Amino acid sequence: MSNLPPSESPPVTAIDLPEETIADAQPEGGDARSPVNWFHELKSIVLLILAVLACHSFVAKPFYIPSESMMPVLLTGDRLVVSKFPYGWSYVSPSFHPLPFLKGRVLGRLPDRGDIVIVSPQNRREDYIKRVIGLPGDIIEVRGGQVILNGVAVKQKMLKPLRLAVDGNAPCPPLQFPGALVTGKDGKDYCELPVRQEILPNGKTYVTIDMGPSALDWYGPVRVPADHVFLMGDNRDNSADSRAPLEENGLGGPVPWEAIGGRAEFITFSLDGDATWNPLTWVHALRSGRAGNSLRPQSVAPPQ
């Protein structure tokens with residue numbers, strides 16, 4: 001037995017321990033790591049995916065603007081949020097539109113005139129974004145670019161030409177905007193567009209682009225059937241909307257309210273199309289002044 005005091009006793013090592021004590025301290029197989037429960041991990045991933053799809057289908061989803069049909073309020077490269085619940089839910093509500101046409105909506109409500117909505121054309125698995133102009137029972141005409149609603153011309157007001165900066169996502173193509181490309185005093189290129197303020201009978205107002213005579217300037221008269229809406233793009237000469245036939249990738253007239261997938265709420269951010277794979281270019285590709293812009297139409301006193 002050692003005569004050293006406790007504080008000076010030599011450390012106990014594995015050599016000093018009984019063999020059965022050492023064996024009890026070792027896990028079976030000699031590996032201290034716990035085995036991965038792959039079923040549990042897979043279950044967690046599946047539940048997360050289902051939660052994201054449920055939110056995407058029934059609450060809100062992101063949306064990317066791929067074309068100029070809703071200029072000037074929306075530009076190619078805008079990212080925005082679309083809420084799925086304001087009009088209830090229909091067969092187009094689930095992500096990726098896996099369902100065939102089903103009549104009716106759950107907790108359904110018609111959009112208001114002036115709302116910007118996403119819509120799925122007949123026999124297509126994609127979404128368009130347009131503005132609600134006509135409701136069930138309305139008689140819609142377009143004469144020389146002037147919208148006539150129930151026999152009354154929708155009030156319009158000419159505004160000063162609007163200048164939009166030219167970039168990779170807004171190149172001001174001459175086929176769509178002939179003669180609109182100009183150079184500003186700062187030496188930069190701009191797209192100078194003729195714009196009009198339009199005021200609907202409910203007082204909702206927004207700005208449209210009309211470049212002059214086009215085939216879409218003449219339409220109707222057509223009565224909007226029950227449970228249907230009539231949709232138009234704000235870029236009136238470059239929008240495949242309710243005025244354009246299905247074979248021209250349009251909506252083919254008034255669309256059933258079941259085809260409405262949600263309401264556009266606000267822009268989250270916008271890219272000018274000049275970004276590359278280099279992350280350093282991503283910040284410079286953000287368009288300033290667009291993040292957070294509301295997409296709900298402004299309200300003024302209804303026209304008399």
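Only a predicted model underlies this, so the values are computations on that prediction, with no experimental measurement involved. These numbers come from the heavy atoms of this one structure, side chains and all, not from hydrogens, waters or symmetry mates.
In this structure, the side chain of Trp282 engages the main chain of Thr276 through a donor-acceptor pair within 3.5 Å. At distances below 3.5 Å, at least one donor-acceptor pair connects side-chain atoms of Thr76 with backbone N or O atoms of Ser67. Judged by distance alone, the side chain of Asp138 and the main-chain N or O of Ile140 form no donor-acceptor pair under 3.5 Å. Not one N or O on the side chain of Thr205 forms a donor-acceptor pair closer than 3.5 Å with the backbone of Ile199. With hydrogens and angles ignored, the 3.5 Å screen pairs a side-chain donor or acceptor of Arg223 with a backbone N or O of Gly137. With hydrogens and angles ignored, the 3.5 Å screen pairs no side-chain donor or acceptor of Arg263 with any backbone N or O of Phe85. Side-chain atoms of Asp237 never come within 3.5 Å of backbone atoms of Ser214 as a donor-acceptor pair (strictly under, hydrogens ignored). No side-chain donor-acceptor contact under 3.5 Å links Thr281 to the backbone of Trp277. No donor-acceptor pair under 3.5 Å is formed between the side chain of Asn238 and the backbone N or O of Ser69.
In this structure, the separation between CG on Asp272 and NE2 on His284 is 11.0 Å, given to the nearest 0.5 Å. Atoms CG and CG, on Leu149 and Leu200 in that order, are 7.5 Å from each other to the nearest 0.5 Å. One distance of note links CG of Leu110 with CZ of Arg105; it measures 9.0 Å at 0.5 Å rounding.
Contacts of Tyr87 classified as side chain to side chain donor-acceptor pair (under 3.5 Å), with partners at least two apart in sequence or in another chain: Asp115.
Connection of Leu80 to Met71 is not established within any shared hydrophobic cluster, with ILVMFWY side chains joined at heavy-atom distances below 4.5 Å, either directly or through further cluster members. If you chain together hydrophobic residues whose side chains sit under 4.5 Å apart, Val142 and Leu135 never meet in one group.
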List the steps, then state whether salt bridge (Lys or Arg N to Asp or Glu O under 4.0 Å) holds for Asp78 with Arg287. CA-CA 9 Å; Asp78 285 349; Arg287 290 184 176 125; 3.8 Å; yes

side-chain contact (heavy atoms from CB on, under 4.5 Å), that's the test. Do Lys160 and Val195 meet it? Break it down for me. CA-CA 7 Å; Lys160 288 178 56 178; Val195 291; over 6 Å; no

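In the displayed structure, Gln298 atom CD is contacted under 6.0 Å by at most 12 heavy atoms of other residues, nucleotides or ligands.
Across Val255, Ile118, Asn249, Asp241, a single residue satisfies side chain to side chain contact (heavy atoms under 4.5 Å, CB included) together with Tyr128, and that is Asn249.
Ion pairing of Arg236 with Glu198 is present here, as a side-chain N (NZ or NE/NH1/NH2) and a carboxylate O approach within less than 4.0 Å.
Ring pair Tyr219/Phe230 is tilted by interplanar angle, where 30° to 60° counts as tilted.
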